[in-house]
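Everything quoted here is computed from the prediction, not taken from an experiment. In the text below, chain A, chain B and the rest are named by the order of the sequence lines, each starting its count at 1.
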Amino acid sequence: MDTTPPAIDRLKKRREFLYCAQGKKAVRSGVVVQARQRDGALRLGAGFTATKKVGNSVVRSRVKRRLREAARLLLPLHGRPGFDYVFIARATTADRAWPHLLQDVESALVSLASDEAPGNAKQRA
RNA sequence: UCAGGUGGCUGGGCGGCCGCGGUGUCAGGCUUGAAAAGGCGGCACCGAGGAAAGUCCGGGCUCCACGGAGACAAGGUGCCGGGUAAUUCCCGGCGGGGGUGACCCCAGGGAAAGCGCAGCAGAGAAAGACCGCCGGACGUGCGCGUCCGGUAAGGGUGAAACGGUGCGGUAAGAGCGCACCGCCCCGACCGCAAGGAAGGGGGCUAGGCAAGCCCCACCUGGAGCAAGACCGAAUAGGGAUGGGCCGUGGCUUUUGCCACACAUGCGUCUCCGCAUGCCAUCCGGGUAGGUCGCACCAGGCAUGUCGCAAGGCAUGUCGCAGAUGAAUGGUCGUCGCGCUUGUUCCGUUCCGGAACAAGCGACACAGAACCCGGCUUAUAGGCCACCUGAUCCC
RNA sequence: CGGAGUAUAGCUCAGCCUGGUAGAGCACCGUCUUCGGGAGGCGGGGGUCGCAAGUUCAAAUCUUGCUACUCCGA
């Protein structure tokens, strides 16, 4: 297993987020993760978002930084190449203990990967 | 010691592990490429705030408008002097108000230019007479009543009633007279000015609201970095040139339009329906996107000097964030700090203080987005200087 | 980021400019009508006028500062 991990692209455009919102969703107590397969390429996509309900700008920035760090650690291990992932912060993300937040992200990624495996869920309505 | 006032400072420290953005640099390394250049990478150095916030003012900067000057409208400002690029900001004064005091607060021009407003209550709300008081005449049933006149001291209402208190005076009263206070006018003299003010005069005339209209004086072109400049994919329009097609009929100067035919595509085929009407090259506008604007200045610090101060000047020195789904961090340890709880000790009780232990703590408020100067608002804890009041001791 | 606007009863809105009594419709409660309900008639309750200062005798209204929400601009 010495293959270099696939490069991670940041999702920046509004339509990229809306595209992912049409895909599969995994809800954990510290985070919501959306994923959807994209045309072509073995690249991973990752986007982060936090609404005003999460808190003021200090809290929103901190929450996105924590999710970004969690994704940097876990996405190369559990993410499926060719998929875009959107991490949505919840009101609990800021106070969630760091090991628990990692567990949430890992569990969500594993769940999404098994659902989207090519064997059993190729055709989705 | 306690209680306060004013001004200013600070806004967790150190260390592991793993990351992010920028700038500079690297005949070197990997990679795309013909090259230029770009990407990955190595090294070095930087990398949030006093409010970065609210967007309330003032400027710079950019575009638009504009021949000059003035007037009007609209909006703003409003004691005086100074500071500044400029301000509604700041400093120093003046006046008024509050506080025992240090000190604090004030949109603080004009109400004898005009209009307007003042509910309810009250006789009366800008100039008035209800109850009263007094005099005279008449009638008396001797209690008083009616009429005429004088008065504004007393009553009551109100936020506010046209000087206050005392003495004299009077039929009763009244600045009617006098003393003191208040008010108005003049005002030597002081001050650059706002203003202060010795003194003199006036018997009092001229109530409030201008953060109501208004008057006076002064100021103001509009929009905002999503400003603005440049580069520019795919697709669909536009224009030019060249070639091809240029069927029939009608309208039409032409361009062109309509119908039929033809070709292509779609609805599985026919019928039928719908849509489209050749190709190449070049030009221009322009969307997504990108680049610039974009960080070296009304700059910070130190010293000297002028000024009561705000601040000015001179010299030296420093280089101090530039992101764009948006970097400046994530996590762990330790120290410090705070809060809560418990134990022990001090303390006459309450209040409180000290030590130890445990738990909790994005360790307060809060994240640059073109840049500065102000204002306003949020802010745990800590520190410094000066001053005031009370108490105790000498 | 920049620029505008709104906040009044449970809901939708007047009143604000020109300051003194806070009002309408729907909803709610009581009652009449009906065998009962609805509709209708009559009567009634309910409002820190977003918050805080200031001006004024007096503020929903005027002024200033905050808070929340809405809209517009490539």
Side-chain angles (χ1 to χ4, degrees):
Chain A
M1 287 304 166
D2 55 357
T3 59
T4 59
I8 298 179
D9 290 333
R10 288 293 292 280
L11 306 181
K12 294 183 176 181
K13 295 288 173 286
R14 174 171 172 79
R15 60 173 178 274
E16 295 172 336
F17 283 81
L18 294 178
Y19 181 83
C20 266
Q22 301 296 317
K24 186 70 179 175
K25 179 172 71 174
V27 180
R28 296 295 180 273
S29 58
V31 68
V32 175
V33 183
Q34 295 173 333
R36 190 173 184 186
Q37 188 164 20
R38 188 172 49 167
D39 286 341
L42 297 175
R43 306 182 72 84
L44 279 162
F48 307 89
T49 185
T51 68
K52 274 189 178 177
K53 290 178 69 175
V54 173
N56 61 20
S57 59
V58 174
V59 175
R60 292 199 301 273
S61 292
R62 170 177 164 79
V63 156
K64 284 197 279 188
R65 283 196 300 264
R66 298 186 85 196
L67 289 179
R68 202 157 58 223
E69 181 73 9
R72 189 181 67 84
L73 296 174
L74 297 173
L75 210 52
L77 303 177
H78 302 288
R80 291 182 50 79
F83 278 72
D84 284 341
Y85 293 88
V86 170
F87 297 81
I88 302 171
R90 313 184 66 185
T92 57
T93 307
D95 296 325
R96 190 85 169 146
W98 180 243
H100 288 124
L101 187 61
L102 287 178
Q103 285 174 14
D104 289 340
V105 172
E106 180 175 1
S107 160
L109 288 178
V110 168
S111 164
L112 288 170
S114 64
D115 276 358
E116 295 289 343
N120 54 9
K122 179 169 288 184
Q123 292 291 337
R124 293 188 55 84

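- The nearest heavy atom of RNA chain B to A:Arg65 and to A:Ser61 marks one nucleotide each, and the one closer to the 5' end goes with A:Arg65.
- If you check B:A233 for Watson-Crick or wobble pairing at under 3.5 angstrom, you find it has no partner at all.
- B:A129 is unpaired under the Watson-Crick or G-U wobble criterion, no partner having all donor-acceptor distances under 3.5 Å.
- The base-pairing partner of B:G207, taking Watson-Crick or G-U wobble contacts with both distances under 3.5 Å, does not exist among the strands shown.
- Only the P atoms considered, B:G11 is 14 Å distant from B:G47, to the nearest whole Å.
- Here B:A52 sits opposite no nucleotide as a Watson-Crick or G-U wobble pair (both hydrogen-bonding atom distances under 3.5 Å).
- The partner of B:U255, taking Watson-Crick or G-U wobble pairs whose two distances both stay under 3.5 Å, does not exist in any strand shown.
- If you take atom P in C:G47 and the same atom in C:G10, they sit 8 Å apart, rounded to whole Å.
- In this entry C:A39 has no Watson-Crick or G-U wobble partner, no candidate having both defining distances under 3.5 Å.
- One hydrophobic cluster, built from ILVMFWY side chains closer than 4.5 Å, holds both A:Leu67 and A:Leu73.
- Side-chain proximity of A:Glu69 to the nucleotides B:U328, B:G19, B:U331 is greatest for B:G19.
- Nearer to the 5' terminus of RNA chain B, by closest-nucleotide assignment, is the contact made by A:Gly47 (compared with the other of A:Gly47 and A:Arg66).
- With both ends at atom P, the span from B:G325 to B:A288 equals 15 Å, rounded to whole Å.
- Between A:Leu101 and A:Gly30 the shortest heavy-atom distance is CD1-O, 4.0 Å.
- Contact of the A:Tyr85 side chain with the A:His78 side chain is not registered, since no non-hydrogen atoms from C-beta on lie closer than 4.5 Å.
- Considering only side-chain N and O atoms, A:Arg62 lies nowhere under 4.0 angstrom from the phosphate OP1 or OP2 of B:A366.
- Here B:G81 sits opposite B:C91 as a Watson-Crick or G-U wobble pair (both hydrogen-bonding atom distances under 3.5 Å).
- Not counting sequence neighbours, A:Gln103 has no partner by the side chain to side chain donor-acceptor pair (under 3.5 Å) test.
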